[in-house]
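To start, the structure itself, in structure tokens.
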Protein chains: 2
Amino acid sequence: MRVTIGDVAVLAGVSKTTVSRVLNDRGEVDGETARRVQEVIDRLGYVPSARAVGLALGRTSTVGMLVPSLDWPWMSEIVQGVADTLEVQKYGLLLYTCTRGQVSLDQFAASVAAHSCDGVLVVVPENGLGYVTDLYERGLPVVMIDDRGFGPALPTVACTNLAGGASAARHLLELGRRSPIVLTGRLEYGCVQERLAGFAQVYRSAGRPLADEQIIEGDFTAAGGRAAVEMAGRSGRQFDAVFAMNDLSAAGVLAGIRESGRMVPDDVAVIGFDDVEVAVHTDPRLTTVHQPIREMGATAASMLLAALAGAPLPVEPTVLETTLVVRGSTVP
Amino acid sequence: MRVTIGDVAVLAGVSKTTVSRVLNDRGEVDGETARRVQEVIDRLGYVPSARAVGLALGRTSTVGMLVPSLDWPWMSEIVQGVADTLEVQKYGLLLYTCTRGQVSLDQFAASVAAHSCDGVLVVVPENGLGYVTDLYERGLPVVMIDDRGFGPALPTVACTNLAGGASAARHLLELGRRSPIVLTGRLEYGCVQERLAGFAQVYRSAGRPLADEQIIEGDFTAAGGRAAVEMAGRSGRQFDAVFAMNDLSAAGVLAGIRESGRMVPDDVAVIGFDDVEVAVHTDPRLTTVHQPIREMGATAASMLLAALAGAPLPVEPTVLETTLVVRGSTVP
DNA sequence: CTGAAAGCGCTTACAG
DNA sequence: CTGAAAGCGCTTACAG
């Protein structure tokens with residue numbers, strides 16, 4: 001049988017109130033009494049039931065998190081950043097994934113409605129924005145990670161996507177690459193729009209505005225990257241560089257170029273985005289725009305925890321810096 | 001203010017008992033009454049508090065999970081498999097990571113002691129075995145994933161590591177590779193010992209028993225893989241194949257061989273283990289022993305859920321099949 | 001400094 | 001078919 005506060009009270013010869021006091025060291029307890037109680041607690045290995053404490057206090061000391069899927073290394077790293085921060089603050093992490101689309105979302109919603117957590121961290125899944133915004137407007141503390149361009153209605157942690165795109169462009173221009181192809185992710189995403197805007201602007205300023213045919217909408221997968229290169233090849237368009245908006249698709253681009261018999265970086269320079277581990281396993285290794293992914297997760301968690309502690313959530317997005325990391329796919 | 005079962009009861013003009021009955025559709029409620037209550041529930045958007053239900057019922061409908069770190073793609077995939085299964089069964093996933101070693105473990109232990117979950121799924125971290133075994137022996141439902149060779153004291157889900165190692169050896173022998181090097185993970189791990197045993201046995205049977213110098217203890221990292229190749233090169237040992245016990249270190253091996261100026265697979269054939277995504281992004285793509293990683297997670301979750309439903313946990317490990325996947329790193 | 005009692009929001013015998 | 005009451009395991013005014 002589970003040992004309860006009542007058992008401790010009886011063995012220590014005090015009331016449950018007193019036990020509770022030493023548990024939460026409220027002071028105001030006689031030193032000797034406290035010692036006796038503590039001794040019983042230790043002897044019994046008593047630990048208060050989280051459920052009961054939660055019910056009495058009206059909180060769970062747990063944070064809910066929703067991510068589309070852990071299959072993307074970017075996501076895992078975000079989650080790891082969150083987990084590290086929550087652990088330090090002694091909060092639990094209730095993780096929900098969205099591999100079954102709406103069904104998954106409903107599951108998450110049910111959990112939130114049942115007050116299984118005090119606040120929520122979200123990497124918004126397809127069609128999930130309305131629901132999440134709704135939660136926030138009803139007063140639940142919410143922090144969104146990497147706004148997907150769905151607007152600033154929620155407290156958000158993001159990175160400098162625009163500057164990142166621009167840095168990729170500048171690097172290519174410095175290398176004398178005049179005819180790049182840009183392989184995006186889905187154009188609805190805010191991060192994609194920003195990266196594209198930053199990249200395009202630099203080329204425009206350099207007197208080489210991007211033509212529509214230089215922009216290919218991708219899907220962030222390696223297969224998509226390979227397919228894009230093939231397509232570009234068949235179209236007969238000349239290109240001396242590819243800016244792929246994540247590392248996975250950049251890896252696909254590398255493979256596609258290799259298959260076409262051209263050389264990286266001599267014939268074609270390739271830049272990715274994210275700087276996840278795959279970037280150092282390709283051949284050549286990938287020049288890429290580094291995102292401080294783990295810090296983004298950690299920052300979001302800190303913001304949420306601060307909100308749970310009473311601080312107001314910032315209205316302005318918190319934006320972390322991206323940095324260009326140069327490797328063999330652009331410079332031999 | 002949060003709406004409670006009491007609010008529903010009042011508005012519907014019935015007792016909380018009755019509301020509870022329709023909530024858990026216990027039948028035995030008058031049709032008309034039930035309809036009226038349900039109508040109020042819907043109108044108020046009432047959802048029972050998970051905490052309160054948990055307290056009353058003595059369970060949390062939550063599963064705790066401990067993994068060393070999400071930085072390893074293998075781990076993320078396990079977690080995804082777990083998450084998918086729990087979601088279907090409407091269980092929550094309380095995820096704990098172990099990036100701070102003992103401190104993290106203590107945190108997890110505290111959570112378990114506070115009965116924050118009904119059972120536990122574990123990929124045992126460094127020095128975590130004793131604690132986990134203890135939990136199991138005290139009666140907490142525990143399922144271990146990928147026993148690290150620490151013994152069969154716990155219900156476990158694993159894969160055919162021995163057969164996997166053997167299949168790698170057979171493949172290399174068929175290719176005529178007589179002098180392989182084996183790059184292991186840490187030798188304490190059960191999976192490493194098994195893969196090694198399977199591999200060594202096949203070479204022994206073929207009349208080419210492995211010498212000690214053909215076995216290099218690695219650490220499952222890419223850097224370790226590259227370093228091992230360098231070391232082997234300096235030692236002057238001739239080798240025509242490398243069996244690396246995970247894909248990450250195999251990727252490092254590939255890089256190391258390339259740097260040494262030799263060709264894969266012509267000069268050296270390389271085989272990995274796991275079949276995580278990096279295996280298709282290397283050049284050449286990696287021949288590897290595929291583990292059904294996600295299924296391992298899903299299976300472990302199912303076992304635990306069955307245990308929570310009253311079924312006894314199997315004493316014998318549940319072992320899933322590995323399969324050799326042949327790609328360019330062994331066959332051009 | 002200490003304790004009896006009410007309350008957190010549910011469920012479940014028990015009685016009718 | 002329905003409800004009053006006790007109980008799950010805590011915390012916290014309130015009173016002493």
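Keep in mind the model is a prediction, meaning the values are calculated, not measured. Lettering follows sequence order; numbering is per chain, from 1.
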request  = Report the stems of DNA chain D as range-with-range entries sorted by first number; a stem here is at least three consecutive pairs, Watson-Crick or G-U wobble, both distances under 3.5 Å, and write none if there are none.
outcome  = C:1-3 with D:14-16, C:5-12 with D:5-12, C:14-16 with D:1-3

Nearest-Å distance, [atom1] ([X]) to [atom2] ([N])?
X: A/Arg2; N: D/dG9; atom1: CZ; atom2: C1'; answer: 8 Å
X: B/Glu32; N: D/dT2; atom1: CD; atom2: P; answer: 10 Å
X: A/Arg35; N: C/dC1; atom1: CZ; atom2: C1'; answer: 14 Å

query = If you find the nucleotide of DNA chain D closest to A/Leu55 and the one closest to B/Val14, which residue's nucleotide is nearer the 5' end?
reply = B/Val14

Phosphate contact (C/dT2 OP1 or OP2) by A/Thr33 side-chain N/O below 4.0 Å = yes

task = May I ask you to verify if any side-chain N or O of A/Thr18 is less than 4.0 angstrom from the OP1 or OP2 atom of C/dT2?
result = no

message = Quick one about B/Tyr96 and B/Ser104 (side-chain donor to acceptor, distance below 3.5 Å, no hydrogens or angles considered), yes or no?
response = no

task = Would you give a per-nucleotide map of nucleotides 11-16 of chain C, 5' to 3', where B means the base has a protein non-hydrogen atom under 4.0 Å away, S means only the sugar-phosphate does, and - means neither?
result = SBBB--

query = Which pair of heavy atoms, one from B/Thr318 and one from B/Met303, lies closest together, and at what distance?
reply = OG1-SD, 3.5 Å

query = What are the two closest heavy atoms between B/Leu121 and B/Ala300, and how far apart are they?
reply = CD1-O, 3.8 Å

query = What is the ring orientation for A/Phe220 with A/Tyr189, classed by angle as parallel under 30°, tilted 30 to 60°, or perpendicular over 60°?
reply = tilted

message = Could you go through A/Arg35 and A/Thr33, starting from their C-alpha distance and side-chain angles, then the distance that decides it, and tell me whether this counts as side-chain hydrogen bond (donor to acceptor under 3.5 Å, both in side chains)?
response = CA-CA 5 Å; A/Arg35 214 161 301 130; A/Thr33 311; over 6 Å; no

request  = When you get a sec, tell me which of D/dG9, D/dG3, C/dC1 is the closest nucleotide to the side chain of A/Ser49?
outcome  = D/dG9

query = Passes salt bridge (charged side-chain N to carboxylate O under 4.0 Å, His left out), A/Glu28 versus A/Arg26? Steps please.
reply = CA-CA 6 Å; A/Glu28 57 184 38; A/Arg26 285 240 170 297; 5.2 Å; no

query = Sequence neighbours excluded, which residues qualify as salt bridge (charged side-chain N to carboxylate O under 4.0 Å, His left out) partners of A/Asp84?
reply = A/Arg294

note = Taken to the nearest 0.5 Å, the spacing of A/Leu55 CG from A/His115 NE2 works out to 12.5 Å

